[in-house]
Amino acid sequence: MRRVTKTAYAKINLSLDVLGRRDDGYHLVKMIMQTVSLSDTLVFETEDSRRDQMQVRLFTDSEEISSGEDNLICRAIRSMAKEYDLHSDITVKLEKRIPVSAGIAGGSTDAAAALRAMRDLFVPSATNEDLARIALPLGADIPYCIEGGTRLSEGIGETLTELKDAPQCGLVIARPDIIVSTADVYNAYDALRDVQHPDIDGQIRAIRAGDLKGMAEKCENVLEEVTGLLYPQIGIIEEFLMEQGALTARMSGSGPTVFAIFDDPGRAARAAHRCEGAPAFEGCRIYESRFVNSQSAAL
């Protein structure tokens, strides 16, 4: 039996802009994505015996996700098997820590880990570009999760430009007990007028200069105009975190997760402690985290 263990890191959107919508319904975006240390652990096992019908077995400690063929992990494995004519059975054990339906790529990063694991087990010659091509039909965030780190994401999320590592900081992540429909958020966004678009190019300049404060000041998410209006708790959480000394507090993706950047990990730890029991955070899951660079994220 051969075994591969992968760490699947969550991501946040340091900034997120929507530039339009294609005829097929996909939205054109411009985002700066950042890997964070909040992560799942996946163990992949195979006995290498060739089967007429490959079996994929997924076991997880989470009751919030499916362990069937509809799970993105299983779909990613099947896509690799189809692409490279693989027939060996695969068993996956998932330790789930990233909250689901949170806007921080919990499913996408697990799928990316599955693609990387299948490469390690069966197709070591496959490149990240090969994996990204296989991944894109499964989800627009998966190509980014294959690479990780600090990247500009454009198109529908498939066009990635590597940036200098964002300056390290303290990070608090808060996931409210809210279920957000990504499709509904984007549809509501399409009806907005006079949207204030973020200065993503300015944020890139701040990252290149290693200017944490300047980077934080440019954190914006146009989708918060929709999700934040529907769920005022998001804004209340952000305000509380700013009162604790955060340089910025913003929503990630289509929500509902909020991240807060602090200039010092110790200050972030103290803020996370104060969040526990505060009325604004009732039902929230709170995590201390940090940025992860691309070299670490892609292992």
Participant: Checking N128 against R119: is there a side-chain donor and acceptor pair closer than 3.5 Å?
Facilitator: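 Their side chains do contain a donor-acceptor pair, which is all the 3.5 Å distance test asks for.
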Participant: Check for me whether the distance between the ring centres of F122 and Y84 falls short of 6.0 Å.
Facilitator: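 Not close enough - the centres of the two rings lie 6.0 Å or further apart.
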Participant: Has Q168 got a side-chain atom pairing as donor or acceptor with F291's backbone, closer than 3.5 angstrom?
Facilitator: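 Flag set: sc Q168 to bb F291 pair under 3.5 Å.
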Participant: Does CG in D194 sit with more than 12 non-hydrogen atoms of other residues, nucleotides or ligands closer than 6.0 Å?
Facilitator: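 Atom CG in D194 is not packed in, count stays at 12 or less.
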Participant: Just do the side-chain contact (heavy atoms from CB on, under 4.5 Å) check on Q203 and E220 with the steps written out, would you?
Facilitator: CA-CA 10 Å; Q203 188 169 60; E220 296 286 349; over 6 Å; no
Participant: Strictly distance-based, threshold 3.5 Å: is any side-chain N or O of R175 a donor or acceptor partner for the main-chain N or O of I178?
Facilitator: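 Flag set: sc R175 to bb I178 pair under 3.5 Å.
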Participant: Are E95 and R97 close enough for a salt bridge, meaning some N to O gap below 4.0 Å?
Facilitator: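 Here E95 pairs with R97 in a salt bridge, since their nearest N and O are under 4.0 Å apart.
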Participant: So with a 6.0 Å cut-off around CZ of R267, is the heavy-atom count from everything else above 12?
Facilitator: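 No, CZ of R267 has 12 or fewer neighbouring heavy atoms, counting only those of other groups under 6.0 Å.
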Participant: Are L163 and L212 co-members of a hydrophobic cluster defined by side-chain heavy atoms under 4.5 Å apart?
Facilitator: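 Yes; L163 is reachable from L212 via cluster members.
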Participant: Treating Ile, Leu, Val, Met, Phe, Trp and Tyr as nodes and any side-chain heavy-atom pair under 4.5 angstrom as an edge, say whether V180 and V29 lie in one connected cluster.
Facilitator: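 In one cluster: yes.
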Participant: Less than 4.0 Å between a side-chain N and a carboxylate O, is that true for R78 and E69?
Facilitator: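 Judged by the 4.0 Å cut-off on N to carboxylate O distance, E69 and R78 do form a salt bridge.
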Participant: Spell out, as yes or no, whether a donor-acceptor pair under 3.5 Å connects the side chain of E288 to the backbone of A268.
Facilitator: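 No, the answer is negative, given that no donor and acceptor are paired below the 3.5 Å cut-off.
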Participant: Checking D89 side chain against Q55 main chain: does a donor-acceptor pair fall under 3.5 Å?
Facilitator: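 Side chain of D89 to backbone of Q55: a pair is present.
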Participant: Is any side-chain N of the basic residue among D120 and K6 closer than 4.0 Å to the acidic one's carboxylate O?
Facilitator: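 Answer for the salt bridge query: yes.
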Participant: Only one of D201, D199, D211 passes salt bridge (charged side-chain N to carboxylate O under 4.0 Å, His left out) with K218; say which it is.
Facilitator: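 Going through the options one by one, the only one that passes is D199.
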Participant: Could you tell me whether the side chain of T257 and the main chain of A102 form a donor-acceptor pair under 3.5 Å?
Facilitator: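 Checked: pair present.
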Participant: Just by modelled atom types, is the I156 backbone N or O under 3.5 Å from a matching donor or acceptor in the E158 side chain?
Facilitator: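 Here the side-chain-to-backbone pair exists.
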Participant: Is the side chain of S15 donor-acceptor paired with the backbone N or O of I200 at a distance under 3.5 Å, no angle test?
Facilitator: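 No.
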Participant: Is NZ or CZ of R21 both nearer than 6.0 Å to the six-membered ring centre of Y189 and within 45° of the ring axis?
Facilitator: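 Geometry flag: not set, cation outside 6.0 Å or 45°.
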Participant: Between the main-chain N or O of G103 and the side-chain N or O of K11, is there a donor-acceptor pair closer than 3.5 Å?
Facilitator: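 Yes, the answer is positive, given that a donor and an acceptor are paired below the 3.5 Å cut-off.
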Participant: Can you list everything that forms a ring-ring contact (aromatic ring centres under 6.0 Å, His included) with Y186? Sequence neighbours excluded, please.
Facilitator: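 If we apply the ring-ring contact (aromatic ring centres under 6.0 Å, His included) test to Y186, skipping adjacent residues, the hits are H27.
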Participant: For G214, is there any backbone N or O sitting under 3.5 Å from a side-chain donor or acceptor partner on R205?
Facilitator: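 It does not hold such a pair.
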Participant: Tell me, with the steps shown, if M80 and L115 meet side-chain contact (heavy atoms from CB on, under 4.5 Å).
Facilitator: CA-CA 7 Å; M80 283 288 284; L115 294 170; 3.2 Å; yes
Participant: Just by distance, do the side chain of Q34 and the backbone of N13 share a donor-acceptor pair under 3.5 Å?
Facilitator: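 Such a contact is absent between Q34 side chain and N13 backbone.
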Participant: Checking side-chain contact (heavy atoms from CB on, under 4.5 Å) for the pair V43/R3: CA distance, chi angles, key distance, verdict?
Facilitator: CA-CA 7 Å; V43 179; R3 179 183 291 114; 3.5 Å; yes
Participant: Mind running side-chain contact (heavy atoms from CB on, under 4.5 Å) on I234 and V258 for me, showing each step along the way?
Facilitator: CA-CA 7 Å; I234 292 171; V258 170; 3.8 Å; yes
Participant: Within the supplied structure, the quantity of interest is the number of heavy atoms (other residues, nucleotides, ligands) at a distance under 6.0 Å from K96 NZ; does it exceed 12?
Facilitator: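 Above 12, so yes.
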Participant: Does I142 share a hydrophobic cluster with L160, counting links as ILVMFWY side-chain heavy atoms below 4.5 Å and allowing steps through other members?
Facilitator: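 No, because I142 and L160 fall into different hydrophobic clusters, even though each may have its own neighbours under 4.5 Å.
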Participant: From M215 CE over to I32 CD1, what is the distance, rounded to the nearest 0.5 angstrom?
Facilitator: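 Rounded to the nearest 0.5 Å, the CE-CD1 separation comes to 9.0 Å.
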Participant: Applying salt bridge (charged side-chain N to carboxylate O under 4.0 Å, His left out), run through E129 and R133 and close with a yes or a no.
Facilitator: CA-CA 6 Å; E129 289 74 18; R133 174 176 49 80; over 6 Å; no
Participant: Answer yes or no: does atom NE2 of H273 have more than 12 heavy-atom neighbours from other residues, nucleotides or ligands under 6.0 Å?
Facilitator: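 It does not: H273 NE2 has 12 such atoms or fewer within range.
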Participant: Taking CG in D177 as the centre, count heavy atoms belonging to other residues, nucleotides or ligands within less than 6.0 Å. Is the count above 12?
Facilitator: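 Counting other residues, nucleotides and ligands, CG of D177 stays at 12 neighbours or fewer.
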